[in-house]
J.: 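Supplied in structure tokens, the structure appears directly below.
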Amino acid sequence: MRTQNILADVVAGIKAPILPRISPGIVVAGLLALAPGVACAQAQTVASTQAPADSRAAQLYDLIGHARFVDLTHAFGPGIPHWRGMGDETVETKYDYDQLGFRIQQFCHVGQWGTHLDPPVHFIKNARTLDNIPPKDFFLPLVVLDVHEAVAKNPDYAVSRQDILQWEARNGPVPAGAFVALRTDWSHRWPNQKAMQNVDDKGVSHYPGWSLEAIRYLYETRHITANGHETTDTEPGIVTSKNDYSVETYILRNDHYQIELLANLDQLPARGALIAVGIPKVLNGTGFPVRAIAIIP
């Protein structure tokens, strides 16, 4: 019962300074740092707030360690789908086993590569950079808005405020502080660049995205922390083909971040999961690949 209460509080949005790492096992280790804060904050549900820290950590590990982990990340490398204005990645082996007994590779790619995070400075001059996003914002309640059926009928589909209201009628209000991911199943086209961009004979891309009204509702009314999607852009392709990035600009101008090119959203519940985001602390970084992981109790 005590561990169930602890998890309920975590899902509700209790956060502590942790920095998830690359693998699910290390993410769990990071979650253990939450245990003292969670236990102290919930004295009424824990029999004794004087229990040793390692005991409280063991309770949380026993719960999280038996959760289901879903990787929301595409592996990146040369040739993967990317925004049309970018060049390809290159990988060079600088040292190899037969030389010094170890291998070191050099990777060259843009920051917005593969499943990646866009911080505010990506669009907004002098705004927050990667290294200035607090660790607590990388561990959040996870909400999944599912519009994949509408997208199957119309690849230009833009999720609307009405879609969110319908989701809330079924699932309750989107929780404050959440990470909201847009499921379109567009990631099923990975790793085919042509299929991802879906360009017609007039040079116009056709892929789904967010509408400004939906994004404004989530941030201004529900006060979410961040959002993400499966496509290379925030807006639908018919909008970005006009070089219109007004929805992404709104998100970043208001000091939020987003993650693009998410994967495996079709394996997640509408609500009740958590997201842990691992990303290097790049000094003054304007974007970088992430390892995003969903934790489903």
Side-chain angles (χ1 to χ4, degrees), residues 3-4 6-16 18-34 38 60-76 114-118 133 135-148 151 159 164 167-168 170-188 190 210 218 222 224-231 234 256-280 288-297:
T3 55
Q4 291 174 342
I6 291 171
L7 179 63
D9 292 326
V10 173
V11 173
I14 292 177
K15 311 180 193 75
I18 73 165
L19 184 59
R21 294 295 190 253
I22 296 302
S23 70
I26 296 178
V27 171
V28 171
L31 292 175
L32 297 182
L34 287 169
V38 172
L60 188 56
Y61 179 80
D62 183 61
L63 184 67
I64 296 297
H66 291 89
R68 182 162 67 95
F69 290 80
V70 177
D71 196 341
L72 307 181
T73 318
H74 293 292
F76 70 82
T115 305
H116 65 272
L117 186 150
D118 295 325
I133 298 176
K136 67 178 182 178
D137 286 352
F138 294 140
F139 180 65
L140 302 168
L142 177 60
V143 163
V144 179
L145 297 176
D146 182 0
V147 296
H148 82 280
V151 170
V159 62
I164 302 171
W167 184 97
E168 292 187 318
R170 297 188 302 269
N171 301 286
V174 173
F179 183 103
V180 179
L182 178 60
R183 176 189 168 189
T184 59
D185 285 357
W186 207 255
S187 61
H188 293 179
W190 185 277
W210 296 92
L218 288 171
R222 293 305 179 208
I224 68 170
T225 293
N227 68 282
H229 41 270
E230 300 172 65
T231 52
T234 314
H256 300 286
Y257 75 81
Q258 66 170 15
I259 296 179
E260 297 189 311
L261 293 170
L262 287 167
N264 297 323
L265 296 181
D266 56 348
Q267 298 182 29
L268 307 181
R271 67 180 301 160
L274 307 170
I275 187 171
V277 181
I279 186 168
F288 210 79
V290 302
R291 188 71 176 270
I293 299 168
I295 305 170
I296 306 172

J.: My understanding is that only residues two or more places apart in sequence, or in another chain, count here; which of them pass side chain to side chain donor-acceptor pair (under 3.5 Å) with R222?
T.: E168, Y217

J.: List for me each residue that meets side chain to side chain donor-acceptor pair (under 3.5 Å) alongside N264, sequence neighbours excluded, and say none if there are none.
T.: Q267

J.: Tell me every residue that passes side chain to side chain donor-acceptor pair (under 3.5 Å) with W210, counting only those two or more places apart in sequence or in another chain.
T.: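 For W210, the residues satisfying side chain to side chain donor-acceptor pair (under 3.5 Å) (neighbours in sequence not counted) are H229.
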
J.: Measuring only between side-chain heavy atoms, which start at C-beta, is I164 closer than 4.5 Å to L145?
T.: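 In short, these two side chains touch, coming nearer than 4.5 Å.
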
J.: Among all residues two or more places apart in sequence or in another chain, which pass the side chain to side chain contact (heavy atoms under 4.5 Å, CB included) test with S187?
T.: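 Applying side chain to side chain contact (heavy atoms under 4.5 Å, CB included) to S187 gives H74, E230.
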
J.: Sort and list the pairs that fulfil salt bridge (charged side-chain N to carboxylate O under 4.0 Å, His left out) and have at least one residue in residues 262-279, not counting sequence neighbours.
T.: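 For residues 262-279: none.
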
J.: For T225 and G177, which heavy atoms make the closest approach, and how far apart are they?
T.: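 Closest approach of T225 to G177, heavy atoms only: OG1-O, 3.1 Å.
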
J.: Do the side chains of W167 and V180 get nearer than 4.5 Å, heavy atoms only?
T.: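 With C-beta onward as the side chain, the pair stays apart.
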
J.: Please name all residues satisfying side chain to side chain contact (heavy atoms under 4.5 Å, CB included) with A75, sequence neighbours left out, ordered by chain then number.
T.: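 Testing A75 for side chain to side chain contact (heavy atoms under 4.5 Å, CB included), a comparison that skips the adjacent residues, returns none.
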
J.: For the residue pair F76 and P289, what are the closest heavy atoms and their distance?
T.: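 So the two residues come closest at CE2-CB, 3.6 Å.
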
J.: Answer yes or no: is there a side-chain heavy-atom contact under 4.5 Å between F69 and D71?
T.: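 F69 does not reach D71 side chain to side chain.
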
J.: Considering residues at least two apart in sequence or located in another chain, which fulfil the side chain to side chain donor-acceptor pair (under 3.5 Å) criterion with H256?
T.: none

